[in-house]
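Along the sequence shown, residues carry numbers from 1.
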Amino acid sequence: MLKAAIVGATGYTGEELVRILIGHPQVKITSLSAKIDKPLPISELCPDFKGKVDLVCKGFDLDEVAGDSELVFLAVPHGVAVKLAPSLLEKGKIVIDLSADFRLKDVSLYPKHYGFSHEAPKLLGEAVYGLPEIYRQDLKKANLIANPGCFPTSVILGILPLAKKNLLDKSSPIFVDAKTGLTGAGREAVLDFLASEAEENVRAYKVTRHQHQVEMEQILAEAGGGAVCQLVFVPHLIPIQRGILSTIYLQLQNEKEEKEIWQIFKNFYRDEPFVQVLELEHFPETKSVRMGNFCQIGLRRRGKVVVVIAAIDNLVKGAAGQAVQNMNIRFGFPEDMGLGVNSKFKHQNAK
């Protein structure tokens with residue numbers, strides 16, 4: 001059994017990691033820690049776990065976490081993982097970081113987009129970006145995995161097949177209108193993200209200034225063999241608990257039939273267990289991916305413009321589920337182990 005520790009176990013993402021891992025047949029959770037006032041059983045902090053896991057959640061102690069685990073999930077705020085990961089790596093632990101601290105390769109971007117100066121720049125070159133649909137082979141031997149952001153997961157997967165085939169008009173911007181549920185902001189009380197403030201309201205925020213935009217541009221440039229095109233990203237907060245729906249507007253170099261574009265997506269994701277390309281005339285909804293580690297994709301063409309709609313659960317494929325998927329790859333488990341893939345979903349892209 002793989003011994004796993006979760007740091008940040010009381011946040012939305014940490015709680016989701018616990019939920020998934022207690023059902024994983026090859027993993028034993030050996031340590032739970034978080035920024036809390038006093039040690040408490042996790043079942044008291046998260047009543048859903050009563051009778052399922054009764055580990056005591058404590059403040060972070062490096063020696064205790066490292067001594068009890070082979071793998072450490074860091075489900076902590078941005079700027080915290082960079083302080084913890086180096087010591088864990090020195091102790092021989094595999095680290096999966098769910099914050100943004102190791103996603104960007106350019107160290108100069110951290111002060112601008114995340115408000116801190118990076119303390120471990122050498123590790124940026126060692127970290128593997130944890131999007132299996134691109135970096136699966138690298139993940140198999142990675143010691144530090146930078147789990148992707150939730151918005152970038154949906155957007156990159158929605159653009160990737162056309163970028164890889166160099167079909168995009170690079171002189172035209174890619175416009176992304178993305179909507180997210182309230183849990184995307186984390187559990188810390190922030191006025192604008194409280195349910196009482198968000199109820200009966202939809203609003204845009206960080207318009208073209210969201211920190212995930214630079215992450216998307218970096219990975220799409222790597223995957224597409226150079227700069228893809230300018231990305232214009234506008235996120236919206238909507239009054240649901242979980243889920244992301246990203247609508248992406250792409251301009252092709254040359255006009256193609258809708259069925260041909262759809263077939264490109266089907267072929268590209270044919271062997272991907274967690275990407276579902278829907279039939280033409282069908283489009284994803286957040287409720288269709290709720291609590292699952294799936295990205296559903298639908299598309300429509302008008303002239304040279306392709307509209308791609310991608311949906312994920314921000315806490316699962318956008319965070320904890322994808323982290324477990326990365327863990328499975330790294331430790332040689334079946335990629336879908338503990339993540340609930342069934343035959344209906346698994347073989348959909350093979351049609």
Side-chain angles (χ1 to χ4, degrees), residues 6 8-23 32 34-36 42-50 52-53 57 73 75-78 98-100 147-155 157-158 176-206 210-212 233-247 274 276 283-298 309-325 338-340 345:
I6 300 171
T10 58
Y12 289 132
T13 298
E15 185 178 341
E16 197 73 19
L17 273 169
V18 176
R19 180 185 71 80
I20 295 171
L21 291 177
I22 57 178
L32 296 174
K35 189 177 180 180
I36 55 177
I42 192 67
S43 56
E44 287 190 27
L45 296 165
C46 305
D48 285 352
F49 298 144
K50 194 168 184 65
K52 300 175 183 175
V53 57
C57 186
F73 293 97
V76 294
H78 308 311
L98 287 89
S99 78
N147 221 57
C150 50
F151 281 127
T153 294
S154 65
V155 174
L157 292 177
V176 181
D177 178 322
K179 297 173 177 64
T180 184
L182 302 176
T183 54
R187 199 160 228 155
E188 185 179 355
V190 177
L191 181 62
D192 287 343
F193 291 89
L194 296 177
S196 57
E197 299 294 324
E199 188 175 357
E200 298 297 324
N201 190 38
V202 176
R203 69 176 181 86
Y205 66 101
K206 294 185 179 179
H210 196 282
Q211 63 272 18
H212 283 174
F233 176 62
V234 182
H236 298 76
L237 183 69
I238 60 175
I240 63 174
Q241 287 299 308
R242 55 201 296 160
I244 284 177
L245 188 77
S246 294
T247 304
F274 294 110
Q276 304 164 1
F283 302 96
E285 305 174 24
T286 56
K287 69 179 181 181
S288 300
V289 293
R290 182 178 171 84
M291 306 294 287
N293 193 54
F294 304 102
C295 177
Q296 284 192 347
I297 294 174
I309 302 173
I312 63 169
D313 185 313
N314 59 294
L315 294 179
V316 189
K317 182 60 172 169
Q322 187 146 253
V324 173
Q325 185 181 355
L339 292 169
F345 289 140

(message) Using every non-hydrogen atom in the two residues, find where I297 and A310 come nearest and quote the distance to one decimal.
(response) CG1-CB, 4.2 Å

(message) If you compare all heavy atoms of C150 against all heavy atoms of I312, which two are closest, and at what distance to 0.1 Å?
(response) O-CD1, 3.3 Å

(message) When you compare the side chain of I238 with that of L245, does any pair of heavy atoms fall below 4.5 Å?
(response) no

(message) With a 3.5 Å distance limit and no angle check, can you tell me whether N147 reaches the backbone of A319 through a side-chain donor-acceptor pair?
(response) yes

(request) Please check if the side chain of T153 supplies one atom and the backbone of G318 the other of a donor-acceptor pair under 3.5 Å. (result) no

(request) Dump the intermediate steps for side chain to side chain contact (heavy atoms under 4.5 Å, CB included) on L315 and T13, then the final yes or no. (result) CA-CA 6 Å; L315 294 179; T13 298; 4.1 Å; yes

(message) Show, in sequence, the C-alpha distance, side-chain angles and deciding distance for V324 and E16, and conclude whether the side chain to side chain contact (heavy atoms under 4.5 Å, CB included) test is met.
(response) CA-CA 10 Å; V324 173; E16 197 73 19; over 6 Å; no

(message) What's the separation between atom NZ in K206 and atom NE2 in H212, rounded to the nearest 0.5 Å?
(response) 8.5 Å

(message) With rounding to the nearest 0.5 angstrom, report the CD to SG distance, Q322 to C295.
(response) 9.5 Å

(request) Over all heavy atoms of both residues, which pair between F73 and L17 is shortest? Give the atoms and the distance, please. (result) CB-CD1, 3.8 Å

(request) Search all heavy atoms of V202 against all heavy atoms of P239 and return the closest pair with its distance. (result) CG2-CD, 4.2 Å

(message) Under the criterion side chain to side chain contact (heavy atoms under 4.5 Å, CB included), I'd like the reasoning laid out for Q296 against F283: C-alpha separation, chi angles, the key distance, then a yes or no.
(response) CA-CA 8 Å; Q296 284 192 347; F283 302 96; over 6 Å; no

(message) Are V234 and D177 packed together at the side-chain level, in the sense that at least one heavy-atom pair is separated by less than 4.5 angstrom?
(response) no

(message) Nearest 0.5 angstrom please: D48 CG to L45 CG, how far?
(response) 12.5 Å

(message) Just verifying a value: how many Å separate N314 CG and I240 CD1, rounded to the nearest 0.5 Å?
(response) 8.0 Å

(message) So C57 and T10, do their side chains get closer than 4.5 Å, heavy atoms only?
(response) yes

(request) Step through it carefully: locate the ring centre of F151, locate the ring centre of H210, and say whether they are under 6.0 Å apart. (result) yes

(request) Could you tell me whether the side chain of T180 reaches within less than 4.5 Å of the side chain of Y205, counting heavy atoms only? (result) yes

(request) Measure the NE2-CG distance between H78 and L98 for me, rounded to the nearest 0.5 Å. (result) 10.5 Å

(message) Strictly distance-based, threshold 3.5 Å: is any side-chain N or O of D313 a donor or acceptor partner for the main-chain N or O of G243?
(response) no

(message) Within the 4.5 Å heavy-atom criterion, are S43 and V53 side-chain neighbours or not?
(response) no

(message) Under the rule for side chain to side chain donor-acceptor pair (under 3.5 Å), what residues qualify as partners of T286, not counting sequence neighbours?
(response) none

(message) I need the minimum non-hydrogen distance between S154 and I244, along with the two atoms involved.
(response) OG-CG2, 3.7 Å

(message) Pair R242, M291 - check side chain to side chain contact (heavy atoms under 4.5 Å, CB included), show working.
(response) CA-CA 9 Å; R242 55 201 296 160; M291 306 294 287; 3.3 Å; yes

(message) Can you give me the closest heavy-atom contact between G298 and P284, atom names plus distance?
(response) N-CD, 3.6 Å

(request) Working to the nearest 0.5 Å, report the span between CD of Q325 and NZ of K317. (result) 4.0 Å

